[in-house]
Amino acid sequence: MSQPSQELFGHLLSPQADGRVDLKRGRVVLRDGWIESVESVEHTGSTAGAQRFDESGVNSRSCVISPGFVDAHLHLPQFDSIGADGLSLLDWLNTQVFPAEARWADANYASAMSRRVAARLLASGTTGVCAFATVHHVATLAAMRGLEAFGLHGYVGQTLMNRGGPPELNRTTSQLLEELAATPAAGSIRPIVSPRFALSCSMDLMQGAAQLAHERDWPVQTHYAETVPECQRVREAFGEDSYLSVYDRAGLLGPRTLLAHAVWMSDHERARLAESGTVVAHCPTANLFLNSGLMDLASMRTAGVRMALGSDVAGGPDVCMVRVARAMLETARDRALMVGTSRRVPSEGVPTAADCWWQITRGNAEMLGMADAGRIEPGCRADLVVLTPADGPSATPAWLSQPDPLAALLYGFDERWIERVYARGQVAFRR
Ligand code: GUN
Ligand code: ZN
C-alpha cells in the first residue's frame, strides 16, 4: 500500500551531471522510499514556498538537504579497531585487524556488530556503502542482512584470502569461490567479489574471482599499492614488474573494479588504470593514519583515472564522509605545497569544496554503478541528510553569506548538524 508523501524544505545541495553542485532553496517530496518530485522555491512562487519553512530545526530557513553520503571503501568488522595507532600497514593487519576479523567466525557476533555499524554510518550521514566483511560466509550474509535492515544500500563482500593471514583466516580457493557463488543479494545490499589484496591471494584465487565477477556481472574490490613494502613484496611474490600487472594478469581490471589506495605507482600504471576504466578508491584519512603516503590526486586526474573516495575504516579513523572529503582536499593541498605549485591560488589540481560534496554523493554513486543514488532528483532513492548548520540570529545564515557557501559547509561541518537522515524514505537517524 502506498505511504503518504513527505515534504522537506531547505537549501538543496544538488550534485549535477557536469560535476557542479547547485545550492538552491527548494522542496523535495518523498513517496514510498523514492524522491517523487523536486521544485526550487523560486519556481513555486517565492511566498508560497517560503511559507512552508518553519523557523526551528528541520525545514528551517537555514537547513541544508544533501543526498545521503556514499562511502566507496570500508571494512565492517574493523569499526572497533579505529585508532590503533603507531603501526604500519602489514604489522597493523597482523596484530590488530586479523584478530578482530577472526571474531566474525561467530555469526551472531557479526550480525550484532553489523547492526551497530549500520547505525553508526547512518548517524554520520552515510546511506550507501561498498564494504568488506570477512572470510566467513555466514557472517557475511548476516552483515548484508543487518545493513539492509537499517535501510542502507550498496555492496558487501566476503573477503577472499587463502594465504598470508593466520590459519583461521586462510580458507581454500574452492571453499571461497563456492561460497561466493552462492551469495544472494539481501534486498538493496548486493554481493561484490572481494579478493583482499595480492599478498592474501594466490593467482588461481584471483583468476577464479575475476571469472566469477565476469560471469555474474558482479563488481570487484581489492587493495592496491598502499605502501612501499607491500608493493615490493607483491612484485617479488608474483615475479611481475609492477603490482598492477599482477591484477591485470588475473583479469581483475575494468570499469567495475575498485582498487583502494593506489598511492605508490608509476605513470605507466596510472595510464593502464585509465585505459582499463578501473576505479581507484582514494582513502586519504587511512593513508595518513597508517603513514602510507600522500596519494597524488592531481596526477590521477591528469591521467584520466576514474576516482572514488572511501573512509577505509579502520585504516581511516573517520566514519563521516565529509571529513574524509576534507582530507582529500587537504592532502592534495599538502602535496601541492611540497612540489611548489602552492603559491597559485587556487592551487592547480586541488579539489574545490564543490568537488568534495560532489564526490561523496553523486561521484561515488556513479563510480559504484548506483544509478539511482547520490542525487536529489525524481526517481532517485529517498536517501537524504538534513543538516542544520549552527547559526546566528540573522535571517540570512552565516554560511550562506560566505563567498563560497559550500566551503563554509565543508570546513565548518560538525556531525551535530545532522538533524535527520532518511534512508529509503524512512527516518533512519534523528538527533
Ligand atoms: N590491505 C589489505 N587489507 C587491508 C585492510 O583491511 N585495510 C587496509 N587499509 N589495507 C589493507
Ligand atoms: Zn581497506
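Order of appearance sets the numbers: ligands from 1, and atoms from 1 within every ligand. Source: prediction; values computed, not measured.
Under the 30°/60° scheme for interplanar angles, the aromatic rings of Phe413 and Trp357 are found to stand perpendicular.
The protein heavy atom nearest to atom 6 (O) of ligand 1 is Arg196 NH2, 2.7 Å. Among all protein heavy atoms, the one lying closest to atom 1 (N) of ligand 1 is His223 CG, 3.5 Å. At the top of the distance list for atom 10 (N) of ligand 1, counting protein heavy atoms only, stands Glu226 OE1, 2.7 Å.
Annotation: Glu101 places no N or O atom under 3.5 Å from an N or O atom of ligand 1; distance criterion only. Geometrically, ligand 1 and Trp92 share no nitrogen or oxygen pair separated by less than 3.5 Å.
Closest heavy-atom approach to atom 5 (C) of ligand 1 among the candidates Thr227, Val97, Leu93: Leu93.
Between Arg323 and Asp414 there is no salt bridge, since no side-chain nitrogen of the basic residue lies less than 4.0 Å from a carboxylate oxygen of the acidic one. For the pair Arg430 and Glu419, the salt-bridge criterion is not met [side-chain N within less than 4.0 Å of a carboxylate O]. Contact check on Arg120 versus Glu415 returns a salt bridge, with a Lys/Arg side-chain nitrogen under 4.0 Å from an Asp/Glu carboxylate oxygen. In summary, Arg256 and Asp217 engage in a salt bridge, as defined by a charged side-chain N under 4.0 Å from a carboxylate O. Ion pairing of Asp296 with Arg335 is present here, as a side-chain N (NZ or NE/NH1/NH2) and a carboxylate O approach within less than 4.0 Å.
Judged by distance alone, with hydrogens and angles left aside, the side-chain atoms of Gln96 form no donor-acceptor pair with the main-chain N or O of Ser81 at under 3.5 Å.
Summarising the geometry of Ala308 relative to Leu258, their closest heavy-atom pair is CB-CD1, 4.3 Å, with the distance given to 0.1 Å.
Under the side chain to side chain donor-acceptor pair (under 3.5 Å) test applied with Glu269, the options Tyr243, Trp264, Tyr224 reduce to a single match, Tyr224.
The set of protein atoms (N, O or S) found at less than 2.8 Å from the Zn ion (ligand 2) reads His73 NE2, His75 NE2, His223 NE2, Asp312 OD1, by chain and number.
Near Leu89, meaning under 4.0 Å from one of its heavy atoms, ligand 1 places the atoms 8 (C), 10 (N), 11 (C). Ligand-side atoms of ligand 1 in range of His261: 9 (N), range being under 4.0 angstrom from any heavy atom. Annotation for ligand 1: atoms under 4.0 Å from non-hydrogen atoms of His75 are 5 (C), 6 (O), 7 (N). Of all atoms in ligand 1, listed by their number and element, those nearer than 4.0 Å to a heavy atom of Asp312 are 8 (C), 9 (N).
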Notebook entry, point to check: Could you go step by step and tell me if Ser188 and Arg424 meet the side-chain contact (heavy atoms from CB on, under 4.5 Å) rule?
Noted result: CA-CA 10 Å; Ser188 299; Arg424 229 183 284 150; 3.7 Å; yes
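Between His73 and His223, the distance from one ring center to the other falls under 6.0 angstrom.
Contacts between Glu230 and ligand 1, counted as non-hydrogen atom pairs separated by less than 4.0 Å, are absent for every part of the residue.
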